[in-house]
Every structure is written in C-alpha cells, then in structure tokens.
Amino acid sequence: MGVRKKTLDFLDLAFKLLVAMVVLVFVLYPFVAVFGKALYRNGRLNFSEFLFLKGELFLVKNSIVSATLTAFLSTLFALSIGLMTFFASSRQRKIIMFILLLTMVSPPFIGSLTYIELFGRNGLITKQILKLSINPYGLWGIVSVQTLGFTSLNAVLLMGYLDAFDNTMIESARSLKANTTSILLDIVIPIIRPAIAVSFLLSFIRSMADFSSPMIIGGAYNTLATEAYLSIIAKGNSPRASAMSIILFIPSILVFLVYTYFSKQEQRASKSSRDTKGELKKTGLYYAIMVLAFFFILWVIIQYSAIFLAAFTDKYKGDTYFTFENIINSIPYLKDSFIRSILYSIIAGILSSLIGLILSYYSYIKNIKYMRVLDFISNMPYIVPGTFFGLGYIFAFNKWPLELTGTGLIVILNLIFRQIPMSIRTIQNSMTQIEKATLNSAKDLGAHSLDILKDVVFPMTYSGLFLSFSNAFISSMTTIGSIIFLVYPSKKLATLVLFDLVSSGKYKLASVLSVVIIIICLSVSLLSYRILNRGRENVS
Amino acid sequence: MNKKILLIILLIFSMVIYTACTKEDTKVDIPPVGDVGESIDDDAQVGDTQEKLDFNGMTMNVVTTSEKYVELFDAFAAEVNAKVEFLSMSSGEVIARIEAEGGKPMADLWFGGGVDAFMAAKESGLLEQYRPIEIDKVDSRFVDQDGYWSSKGLTVVGFLINEELLGEKNLPIPSTWAEIADPIYKDEIIMANPAISGTNYGAVKGILDMMGEDKGWEYLSKLNDNIPFYGKRGKDPEEKTVAGEFAIGIIPADKGSFDVAEKNNLSVVYPEDGIAWVPEGVAIFKGGDGVDIAKAFIDYMLRDENQKILSELDGKDSAQMIKDGVSGYDLGLPKERLIDQDISTFGSMREEILNKWEELTKGK
C-alpha cells in the first residue's frame with residue numbers, strides 16, 4: 001500500500017510538472033517569441049507596427065462585427081438543432097448526428113468556393129433557380145460561410161450536454177401543466193446556458209481567427225486575420241502580421257474573460273440517464289425551432305451535396321456531365337501526404353485529448369490555482385489566427401536547444417497545441433456533469449487523486465473525450481494556416497496538396513480530395529464514437 | 001483498464017518516436033562524391049557536362065509555384081540519381097519564412113514566381129551566385145547580370161472574358177486596356193491584388209511602363225472605379241470569371257487558361273494595345289545541403305529538350321519561352337505587342353508602386 005501510494009504520488013507530481021512544462025514551452029514561449037518580434041526592433045521597444053490602427057481601425061471593427069454575427073447565428077442554429085433532437089426519436093437523432101459529424105469537416109477553401117457556386121451572383125440556387133441576383137461578397141458572405149462551417153460542431157457540443165439532461169424536471173413541469181414554450185425558456189435553456197456560452201465563445205474566436213473565408217468571399221470587406229495573413233504572403237512582413245495578431249487577441253481575450261467569469265457562477269448540472277423521452281406538445285417555440293433546424297440542415301445538405309457532385313462531374317463548353325475522370329486523375333495526389341496527415345492527426349487527437357484531460361482535471365476539478373493559470377495560457381493558440389501560431393513556432397524553435405524547424409515533430413507539436421484549447425473546453429464541458437458528491441465519496445473511500453482521475457473522471461468524460469479527439473483529428477486534417485510555414489517540402493500534408501490544387505484552379509480535383517478528407521474524418525469520428533461508447537457501456 | 005492505458009501510451013510514444021525518426025532518415029549529410037559542384041562551374045568544358053552526374057540519392061528541396069512540374073523534377077531525379085521534394089508557396093511566403101527561420105534556407109531551389117521577389121531576395125543576400133551552362137542563349141533581360149537569378153519563362157497578362165454574361169448585359173466584347181476602363185463595365189471586372197499576384201503586379205508595372213507614370217496612374221484610377229474589389233489570391237480572377245461572377249478577369253494567359261476557357265465557354269483575349277509580362281524567376285538558395293543538385297538542375301532545365309518539356313508543362317506559347325530557338329505551343333501570342341518593359345526597375349520600384357496602388361484602391 002505504502003509503495004503504491006508513493007508511486008502514485010510521484011506520478012501525480014510528474015503529471016503536473018509535465019503538463020506545466022509542455023504548456024509553457026509549446027504555448028507560451030512561441031507567443032512570447034511573436035510578441036517580441038512585433039514589439040522589439042534592434043533590441044528596443046518599438047510600437048511603429050501598430051500604426052496601422054490609425055488608418056485601418058475599420059479592420060478591427062469588421063472582425064468584431066462578423067465574429068459576433070457568426071457566433072450568434074451559429075449558436076442559434078446549433079441550439080435549434082440540439083433542441084430538435086431533444087424531441088426526436090433515437091433513430092432520427094442518429095441520422096442528425098451523422099449529418100453533423102459529416103459537416104463538421106470543412107476542408108479549407110472548398111466551403112467558400114462551393115458557396116459561391118451555389119449562392120453567388122451566378123449561383124445555381126440564387127440565380128438559376130430563384131432568379132435572384134445577389135452579391136455574395138462582403139459581410140454576409142463571410143457570416144454565411146462561417147455559420148455553415150461552425151454550426152455542426154456547436155450542435156454536437158450542445159447535444160452532448162442535452163443528453164445528460166435530467167428529464168424528471170420536465171416531467172414535473174409538464175404535470176404542472178407548463179406549456180412547451182415556457183418549459184424550454186424557463187427550464188431547458190437556463191440549464192444548458194454554459195454550453196450555449198461555450199459554443200458562442202468558440203465560434204466568436206474561431207471567426208476572429210479565420211482568414212481563409214474572408215479571403216475568398218469577403219470581397220472588399222477585409223478583416224484583421226486576413227490582413228495579417230496577407231502581410232506575410234504579399235509583403236513578407238512578419239512584424240506587421242504579428243502586430244495585427246496581437247490586436248486580434250484583445251477582443252477574443254475579453255470575450256473569453258467574460259465567459260470564464262460567468263461560467264464560474266454556473267452550478268454543475270446533475271447527471272442522469274435518459275430513459276424517458278421528453279414528449280412535448282408542439283406549440284409556439286417548437287415550430288420556430290423546427291423551422292430553424294430544418295433550414296440549416298437543408299442548407300448544409302445542399303452545400304455538401306454540391307461538393308460531392310463536383311467530384312463526379314466536369315464541364316465541356318459550359319455543359320456539365322458525369323465522369324470518374326476526376327477520381328482517376330486525383331490518385332497521384334493521394335500518396336504519402338495523406339498517410340502522413342492521418343498519422344499526424346491521430347497523434348494530435350490523442351495527445352491533445354490526454355493533455356487536455358490531465359490539465360482539466362487539475363485545474364477544473366481539483367481547482368489548483370497555478371493549473372488554472374496554465375489552463376488560461378493553453379487557450380491562447382485558439383484565439384490567434386493559425387498563421388500567427390505557426391510563425392511563433394518558427395521564431396521559437398529555430399535554434400539550439402530546441403531546433404525543431406524542418407522536422408515532422410514541430411508540425412505535430414503545433415497541431416497538438418493548437419487543438420488543446422478546444423479539447424479543454426469540450427472535456428470541461430462534460431466535466432460539469434460530474435457531481436462533486438461523487439468525487440468526495442471516492443475521496444472519502446481513500447481513493448488516490450490519480451485513481452479518481454482514472455476510475456471516475458476518465459469514464460465520466462467519455463463524451464467530451466470523444467468530441468475532443470474527433471475535433472482535434474478533423475481540425476488537424478483540415479488545418480492549413482498554422483502549418484503552412486512549418487512544413488518542409490519532404491513533409492507535405494494533405495491540406496497542402498489540396499491548397500495547391502485550389503490555388504492552381506483544379507477545382508474538380510480539389511473536390512475529390514475534399515471528399516476523401518471528409519470520408520476519412522467521418523470514419524475516424526464514427527470509429528472513435530463506437531470505441532468510446534463501448535467503453536462507456538462497459539463502465540456503467 | 002490499467003493495461004489498456006499503458007498500451008495506448010506506449011502506442012503514442014512509438015508513433016511520436018517513429019515520426020521524429022523519419023526526419024533523420026531523409027536528411028542525408030553525405031557530401032556528393034568527387035567535386036561535382038566545382039566541375040560544372042565556369043572552368044568546365046561544355047563536353048564534360050554530358051558526363052553522367054550522380055548525387056547518390058541525395059535530396060533537393062524545391063519551393064515552386066505549382067505541383068505541375070513534377071514530371072520534369074522526376075526525370076531530372078532519375079538522370080542524376082537524386083531525390084526531389086517540392087512544396088508550393090507564394091513568393092512572399094518564401095521570403096517571410098526564410099527571414100523567420102533566421103536565414104536558414106528551407107529549400108535548395110526556388111522555381112517560379114514573379115522575378116521581383118527574386119530581386120528582393122538577392123538584395124537580402126539569400127541567393128547563391130551561379131551562371132548556368134547555356135545561359136548565354138537566353139535573352140539578357142531575363143537573367144540577373146550578377147548571376148543570382150535567371151528565369152524559366154514569361155507570364156503574360158490577358159483577359160478572360162465571359163461573353164455570355166456580357167451579352168446578357170448588352171455590353172461589347174473589349175479587346176484593349178483602354179476599353180475596359182470604360183464606365184459601362186462597372187463592377188464587371190475582377191483583378192487580383194498586385195501585392196499578392198505576380199501576374200497582376202506585372203499588369204500594373206506594364207501599364208505604367210507603357211503609358212508613362214502620370215498617364216498610367218490616371219488610367220489605373222479609372223480602371224479601379226470598375227473593379228468592386230481585388231481578389232486576394234492569384235487564382236481569384238480566373239475562378240470568379242469561370243463561375244460567372246464577373247464578366248472580365250485579368251489573368252495569366254497560357255494554355256491552361258485557354259483550356260479553362262474552352263471548357264466553360266469563355267474566351268481569352270490578348271489586349272491589343274499592349275501585353276504586360278513578367279519573367280518567372282529561378283534561383284538557388286544559399287547554404288542549403290542540395291546547392292550542387294540545384295545547380296545541376298538549372299543546367300538541366302536549360303537544355304533544349306527540357307525547355308520543350310517545360311513549355312508543355314507550363315502551356316506556354318513560343319513567345320513566352322526565354323531561350324532562343326525553343327518553341328512552345330501556338331496560342332497566337334503576338335510577340336510584337338509585348339510591352340517594352342523596364343525589368344531593371346521591376347524589383348526596385350515594387351514597394352513604391354504598391355504603396356501608391358494601395359492608396360489609390362483603399363478599402364477594396
């Protein structure tokens with residue numbers, strides 16, 4: 001017993017130290033490196049890179065406006081879908097879950113390009129079918145494309161939360177003759193507020209950091225993230241890009257702080273198995289939810305069908321025809337880069353979930369103060385555009401003792417730590433469902449802190465772990481911004497091949513590759529869903 | 001349960017170690033046998049170069065504009081027993097990245113991209129000096145006089161025109177720069193930001209050279225009124241004209257664009273009042289492991305038969321080839337209409353031109 005306790009104590013300490021070390025080295029240090037680049041010139045403090053604020057303050061405004069709209073809309077749609085599944089049968093729920101998992105994958109650029117084909121000035125839907133002439137470029141184009149891209153993840157997040165919902169409350173409300181609208185407004189929504197806040201926060205930050213959608217669909221509506229990216233690719237000016245990214249940081253951090261402040265006040269919801277169905281009368285708000293949910297699902301189905309169709313069609317003299325040629329022509333592109341991508345993404349998915357779990361355990365459940373600081377630091381990679389985090393890695397790891405540039409390791413590390421914030425959020429989201437009493441009783445029974453992690457927390461956060469893994473996997477498979485500066489010619493990843501095809505105008509081949517990426521991501525998410533679900537059944 | 005976790009951790013570790021190790025495998029530090037690098041320099045006789053080079057499977061890393069050159073790279077790799085790995089990147093990225101990495105080159109060969117970036121890289125001391133064999137058969141306008149860069153061909157600027165869309169709006173089909181500045185084409189023209197697109201920088205520089213500074217800027221300001229926004233990727237004008245979003249796109253005209261035009265019922269027009277052009281640079285980065293292979297590659301590329309392959313891969317008209325006597329496709333490019341451009345100021349005036357252009361087009 002004594003030896004076991006000693007080993008566990010040692011492991012406990014080792015875990016803490018390890019987590020602290022990796023977060024400081026692989027998150028904080030690259031940030032410091034970029035800040036240094038923006039603020040110091042020739043060893044002196046220099047604010048000249050921030051002068052763009054004078055003439056181009058509209059960039060900041062544009063970013064905030066589009067991020068707020070995107071966050072609002074993608075949360076609203078996600079909430080509708082989440083609530084709709086609350087009323088749905090388990091079969092319908094599975095179908096919706098499948099659609100959501102499928103559409104969680106949005107390969108870079110393809111989303112915006114397809115959107116233009118469908119809803120552009122000459123779009124299939126807008127012009128050919130509805131006979132409208134709509135200019136898709138600008139604020140609403142960006143918001144639409146981002147909403148399409150972010151809603152699915154938000155919905156999955158909310159569904160996970162609703163899954164653990166205590167139905168007895170609804171039952172009693174119903175027996176007290178409460179109507180549907182007030183049950184939803186007075187009971188359901190207040191209880192899932194933390195999840196709503198998370199999805200708003202994540203979408204806001206993601207939108208602030210997204211440079212690729214505004215690049216294609218923004219038209220003359222420029223955002224900070226896009227300008228930062230263009231400062232590098234067009235002007236080779238990384239100090240300016242760093243300064244812009246620092247400015248981007250501020251609104252995101254503010255939103256994040258507001259979120260943390262409110263989430264502290266939230267009580268932990270109770271966990272209960274969901275065997276009774278919340279059969280509710282179909283009135284008022286119910287219809288509003290249905291309309292929103294169906295509208296979104298229809299929209300997303302059209303969008304993804306178009307990508308799949310593009311993979312199987314081609315044009316001659318303006319006439320479209322079916323063909324397998326795109327598939328055959330794309331085979332040479334599906335070589336080692338895809339295998340490398342899958343491998344890297346699996347590693348990133350597993351490690352970011354594990355680190356996220358350990359960190360969340362110490363910071364959220366055990367509430368250790370310095371771990372909360374680390375928790376905060378590890379959220380930073382999410383807040384900045386990928387290119388910023390990529391640059392940070394180059395600045396930080398190009399010399400002894402951590403000379404990693406040119407290796408595959410630097411890419412993997414970047415993928416892992418870019419996904420950590422999301423992992424922490426989803427894992428902590430499912431940790432809200434662990435009751436304090438359970439933890440305390442385990443403690444009273446003499447369980448070691450690590451035993452609790454392994455036997456109580458780990459199994460009870462399965463849904464969070466699943467979401468964390470599949471999200472990290474999917475994001476790693478589809479990310480481009482953060483790794484574009486890190487990848488060497490001999491270490492190409494799938495998205496870079498895709499990027500290449502898109503930028504050389506091989507839209508059809510790019511569609512095939514996107515379809516392949518979607519299928520890979522979907523299979524991996526379904527597989528991990530299965531594995532974790534089986535694990536969950538074994539435990540309970 | 002414990003065992004399972006242990007197993008997972010072991011698995012992860014082995015994966016990490018595996019990926020970390022693969023790096024070691026590909027990095028070959030063995031220097032090439034003999035004095036390959038020296039022997040093909042100036043003092044060698046042309047006859048010697050026919051001697052077979054052998055780089056013992058070493059790797060040459062390439063940054064290039066597109067994956068389409070793979071055929072040429074593969075053929076070269078087979079001939080000299082080397083491996084060629086490539087990555088496509090924009091010129092700005094290449095420069096930003098090398099600077100961020102502390103001057104350490106991420107590749108050995110830089111293949112393609114507007115020559116202005118090559119001029120900037122030369123100024124920053126990132127390039128290796130080299131005079132390729134047969135370089136004397138290349139027009140001196142396309143080669144750096146100090147031997148830091150040369151070219152692989154010319155990009156020429158044309159219009160991609162969606163006649164159907166113009167027809168719908170009852171607009172005539174334009175064939176000159178002068179015509180597309182007419183207010184009737186308002187909001188129907190798409191051009192890429194010249195800071196991002198080498199082709200469109202070439203267009204701006206060409207217009208300024210052709211019309212003279214004052215007239216040129218006057219013209220650009222009129223053209224600007226017709227353009228609702230500037231594309232943020234080089235491919236934007238082509239894509240958006242193909243999608244029917246715009247009637248006229250300013251594009252690099254080559255076989256690829258003629259093919260795209262045919263597929264989508266569009267047409268490519270060489271402007272009648274002057275065709276702007278940009279040399280596509282080729283250079284060697286200083287200090288990489290594969291400098292010698294890169295030198296051998298440039299020699300290889302300049303051989304007649306490989307120029308021919310290059311012209312096919314690039315889909316270039318004969319008038320776009322830089323070496324005397326090499327012919328490419330016949331795309332009807334009238335050589336005499338190429339604008340008399342001043343390449344020497346192509347790089348040095350870049351910043352000034354782009355700043356002025358940014359001022360002019362603010363908010364687009």
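Here is how names work: the chains are called A, B, and so on, in the same order as the sequence lines, proteins then strands, and each is numbered from 1.
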Proximal component of Val487(A), with respect to chain B [non-hydrogen, under 4.5 Å]:
both
Backbone N or O of Asn122(A) within a donor-acceptor pair of the Glu245(B) side chain at under 3.5 Å?
yes
Which bit of Lys127(A) comes within less than 4.5 Å of chain B, counting heavy atoms only: side chain, backbone, both or neither?
side chain
Measuring from Tyr137(A):OH to Ile190(B):CD1, what's the distance to the nearest 0.5 Å?
7.0 Å
Nearest heavy-atom pair of Ala234(A) and Ala195(B): which atoms, and what distance?
CB-O, 3.2 Å
Cut-off 4.5 Å, heavy atoms of chain A, and the answer for Asn264(B) is both
Examine whether an atom of Tyr229(A) lies under 4.5 Å from a heavy atom of chain B, and if so say whether it belongs to the side chain, the backbone or both; otherwise answer neither.
side chain
Tightest non-hydrogen contact, residues Lys240(B) and Ile216(A), listed as NZ-O, 2.6 Å
Please say which of Ile233(A), Val502(A), Leu230(A) ends up in a side chain to side chain contact (heavy atoms under 4.5 Å, CB included) with Arg233(B).
Val502(A)
Quick one: are Pro489(A) and Val62(B) in side-chain contact, heavy atoms under 4.5 Å?
no
Value rounded to 0.5 Å, distance of CD1 in Ile196(B) from CE in Met215(A)
7.0 Å
Honestly, the part of Glu262(B) sitting under 4.5 Å from a heavy atom of chain A is both
Is there a donor-acceptor pair closer than 3.5 Å between any side-chain N or O of Lys232(B) and the backbone N or O of Asn222(A)?
no
In terms of heavy-atom contacts, does NZ of Lys61(A) have more than 12 from other residues, nucleotides or ligands at under 6.0 Å?
no
Per-residue contact mode, Leu496(A) against chain B (heavy atom under 4.5 angstrom)
side chain
Do Glu85(B) and Tyr488(A) have side chains that approach each other closer than 4.5 Å (heavy atoms only, starting at C-beta)?
no
Please flag which part of Ser231(A) lies under 4.5 Å from any non-hydrogen atom of chain B: side chain, backbone, both or neither.
neither
Passes side-chain contact (heavy atoms from CB on, under 4.5 Å), Lys492(A) versus Phe86(B)? Steps please.
CA-CA 8 Å; Lys492(A) 240 184 297 181; Phe86(B) 62 93; 3.6 Å; yes
Taking atom CD of Gln128(A) as the centre, does the number of heavy atoms from other residues, nucleotides or ligands within less than 6.0 Å exceed 12?
yes
Is Asp314(A) in contact with chain B via its backbone, its side chain, both, or neither, using a 4.5 Å heavy-atom distance?
side chain
Between Leu113(A) and Glu239(B), which heavy-atom pair has the shortest distance, and what is it?
CD2-OE1, 3.4 Å
Closest non-hydrogen contact found for Ile394(A) with Arg97(B) is CD1-CG, 4.0 Å
Axial cation check for Tyr507(A) ring with Lys235(B), 6.0 Å and 45° limits
no
Top contributor to chain B interface from Ile410(A), Leu486(A), Thr226(A) [non-hydrogen pairs under 4.5 Å]:
Leu486(A)
Less than 4.5 Å to any heavy atom of chain B: does that hold for the side chain of Leu59(A), its backbone, both, or neither?
neither
